[in-house]
Every structure is written in structure tokens, then in C-alpha cells.
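Report on the following structure.
In listed order, ligands and their atoms are each counted from 1.
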Amino acid sequence: MYLVIGASSFIGRHLYNYCKARGIDIKGTYYSHPYDAEWIKFDVCLDDLEELCYNYLNGKVPEAIILCGANANIDECKRNEEASYLLNVSGTKKILAKANKLGIKSVFLSSEAVFDGRKGMYTEEDIPNPITLYGRQKLQIEQYMIENLNDYLIFRISRATGSSFGEKDIFDDFYSKIVNQEEIVCLKNQSFSLTEVDDITSGIIGALECRLTGLYHVSSNNFVSRYELANLYADKIFGGYEKIMEKEYGKFDFWDNRHIYGGLRGDKLTHLLGMQYLTIIEILEKYLHSYERRISSMIN
Ligand SMILES: NC(=O)c1ccc[n+]([C@@H]2O[C@H](COP(=O)([O-])OP(=O)(O)OC[C@H]3O[C@@H](n4cnc5c(N)ncnc54)[C@H](OP(=O)(O)O)[C@@H]3O)[C@@H](O)[C@H]2O)c1
């Protein structure tokens, strides 16, 4: 059995549903969004993993915990430094230490933010050099796991997206700006590797089922800038949109820095699992079908 801590997160929900759909035994927790009646409330900062196993899993320990509960917002982490440290670092370490003591494998979702964003499309061999607090917090956990845990998987992610209309993802951001006739303002050259969230979940579960350990990039090679992606989206769904623009770094009021050229090479995991990622065209095609289905169901 797997336990997703933060099954209410964007990626956690997909992990949970992916396993449920395949008959893989999985349990989930939430913090403030109990989207599923089967989940139990769990606060990474305050609650104890052993008690959770005792109360919720009838004393059984899961084979692995997948940690999705985190503050993943670069500016929020910086603005609330103490609170983000409690969740992303000290609370997370406490859960990982307890999992290790109980003989549970730990799966941690890290980020391309561990890199400085000067080069782009980083491999697992590239040396991290975070330029944001969020990136430093992620790197602290990676290092803690490598130095202290017996059995772990670290997955770095660049940019996850859904391929269904209405998900809370980058497409939804573009969609709401377009329907409200607002400008889509993109940071100049900010790029990432766009990866369909169910490809991410299949990589994570595939690695667990194959009993892999270590650090992997779970990422497609769909390297794209936010600006290019906004245009691709607008062309595909709306036949174009004129209010998409790129602006220089200095025009934004960020609380923390931004890595510009992100993106992760996922070849190491791809070769081990024999998996294939959807291309941007395929992701947009799936999204368009789901959008059209939604529109026609609203009309009928
Ligand atoms: N999405 C991406 O493109 C991306 C890229 C790189 C890395 N990652 C990493 O992948 C993981 C999941 O990301 P996501 O985008 O799916 O996350 P998300 O949608 O932002 O969700 C955050 C999750 O954290 C939970 N949470 C907040 N405070 C908590 C607390 N005190 N105790 C326990 N859980 C708490 C939330 O629970 P409630 O909603 O119930 O409050 C929610 O499940 C994160 O570690 C993130 O850094 C994501």
C-alpha cells in the first residue's frame, strides 16, 4: 500500500486517482481540502506519521509514502519564510525520519528550482545552485534524504500540467485571462519542460513498482517558454489572442528571484522504465477534446 501525503495537491490527486483506477492500494491525506471522503486530515508540521498509521491504517505501515504536501509557491515561501521552513523543511524532515525508522520508503517531489536557471534542460549530474528560498528548501530535503535515509526516491519536476479543461494548471491560468480579456504577461525567456501530470504519476508509480531508488528527473523534453506556450494554447483553443506579451525581469514585483531557463532532462528514468511522454501538441490536442466536450455538454 502507498500513502500520499497531500493527496489534495494537483499532482497528489492524479497519483491517487491513477492508483485507484489500476487497483493499486493507496490511501491519502489532505490538509484543508477534503476532496475525497476517504482521505484523512494530516498536518506535516504537527502530526505524527506513526499515529497516522495506527489510527488510519489499522496499525499497518505503507510500503511507501509519497510526499506532495508542500508550499510550492516561490514568492509565498519567501514572504512567509518561517512558515514555509516549518512545512517544507522541518516538518518534512520529521516525517522522513519517522518513515525511515518504520522501514517505509520515502518518495519526495523536488523541483527544477534546485538549479539556477542559467543553462536549462538540466540532467541529474548537473550541480544544483538554487537562487530562490523555495529551491534551497527543496535542496535541503534532497541532501537530507541522500545522507540519512535507507530507501528513498527523489523526483525532480519542471512544470506539470493537466490535459483536461478545468484543471488548476497553467492552461487554466491562460484560459481565465483570455475569457476575461486580460493580458497574459510572461517573464522574458522563462522556460521549462512541460510534462503531462499523468505521465509524471506513471513515472513515479512505475519507479516504485520497479523498486528503483535514488534521484530522477520525471520530465519530458518539451522545452518551451511560457510565452510560446501561451501562444500555442491561444492558437489551438481560441484561434489566437493578441494580449500575450513578454516583459523584462525588472518589470515584475517578485518577492524572490526567478530561475529563467528551467527544464529537466528525463532520459535516465525514461530509459529505465521504457516510458514515453506526451508532446506539447498531444497534450493540447487532448485538452481541446476535453474543452469541446465541456462546451457541447453546456449547450445541450
Ligand atoms: N506542480 C508542479 O508543476 C511542480 C513542479 C515542481 C515540483 N512540484 C512539487 O510537487 C509537489 C506537489 O505539487 P503540487 O503543485 O501538486 O502542489 P499543490 O497543488 O500546490 O498542493 C499543495 C499541497 O500541500 C498541502 N499542504 C499544505 N500545507 C500542508 C500542511 N501543513 N500539511 C500537509 N499538507 C499541506 C495541500 O493540502 P490542502 O490542499 O488540503 O490544503 C496540498 O495538498 C510539491 O512538493 C511541489 O513542490 C510541483
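Tyr175 does not carry Lys177 over the face of its six-membered ring by the limits of under 6.0 Å from the centre and within 45° of the normal. In this structure, Lys105 forms no cation-pi arrangement with Tyr152, as its terminal cationic atom is not both closer than 6.0 Å to the ring centre and no more than 45° off the ring axis.
Within the 4.0 Å heavy-atom criterion, the part of Ser158 lying near ligand 1 is the backbone and not the side chain. Contact annotation: for Leu87 versus ligand 1, heavy atoms closer than 4.0 Å belong to the side chain alone. Contacts between Glu112 and ligand 1, counted as non-hydrogen atom pairs separated by less than 4.0 Å, are absent for every part of the residue. By the criterion of a heavy-atom distance under 4.0 Å, the side chain of Tyr134, and not its backbone, is placed next to ligand 1.
The shortest contact between atom 26 (N) of ligand 1 and any protein heavy atom is with Tyr31 CB, 3.8 Å. Residue, atom and distance of the protein heavy atom nearest to atom 13 (O) of ligand 1 are Ile11 CD1, 4.1 Å. The closest protein non-hydrogen atom to atom 7 (C) of ligand 1 is Ser110 O, 3.2 Å. Of all protein heavy atoms, the one closest to atom 32 (N) of ligand 1 is Val44 N, 2.8 Å. Nearest protein heavy-atom neighbour of atom 24 (O) of ligand 1: Ala70 N, 3.1 Å.
Taking a 4.0 Å cut-off on heavy atoms, Lys168 fails to register as neighbouring ligand 1. Within the structure, ligand 1 lacks Ala113 among the residues with a heavy atom less than 4.0 angstrom away.
Side-chain N/O atoms of Tyr2 and Asp25 include no donor and acceptor closer than 3.5 Å. When only modelled atom types and interatomic distance are considered, Glu183 and Tyr241 share no side-chain donor-acceptor pair under 3.5 Å.
Classified by interplanar angle (parallel below 30°, tilted 30° to 60°, perpendicular above 60°), the ring pair Phe10/His14 is perpendicular. Ring-plane geometry between His33 and Tyr35 is classed as parallel, the angle between the planes falling under 30 degrees on a 0 to 90 degree scale with a further cut at 60. A parallel orientation is assigned to the rings of Phe171 and Tyr233, their planes being inclined by less than 30° (bins at 30° and 60°).
When atom types are taken as modelled, the side chain of Asn221 and the backbone of Ser193 share no donor-acceptor pair closer than 3.5 angstrom.
Checking only distances, Ala160 does come within under 3.5 Å of ligand 1, N or O to N or O.
Put simply, the side chain of Gln190 does not reach to within 4.5 Å of the side chain of His259, judged on heavy atoms.
Protein heavy atoms all stay at least 4.0 Å away from atom 20 (O) of ligand 1.
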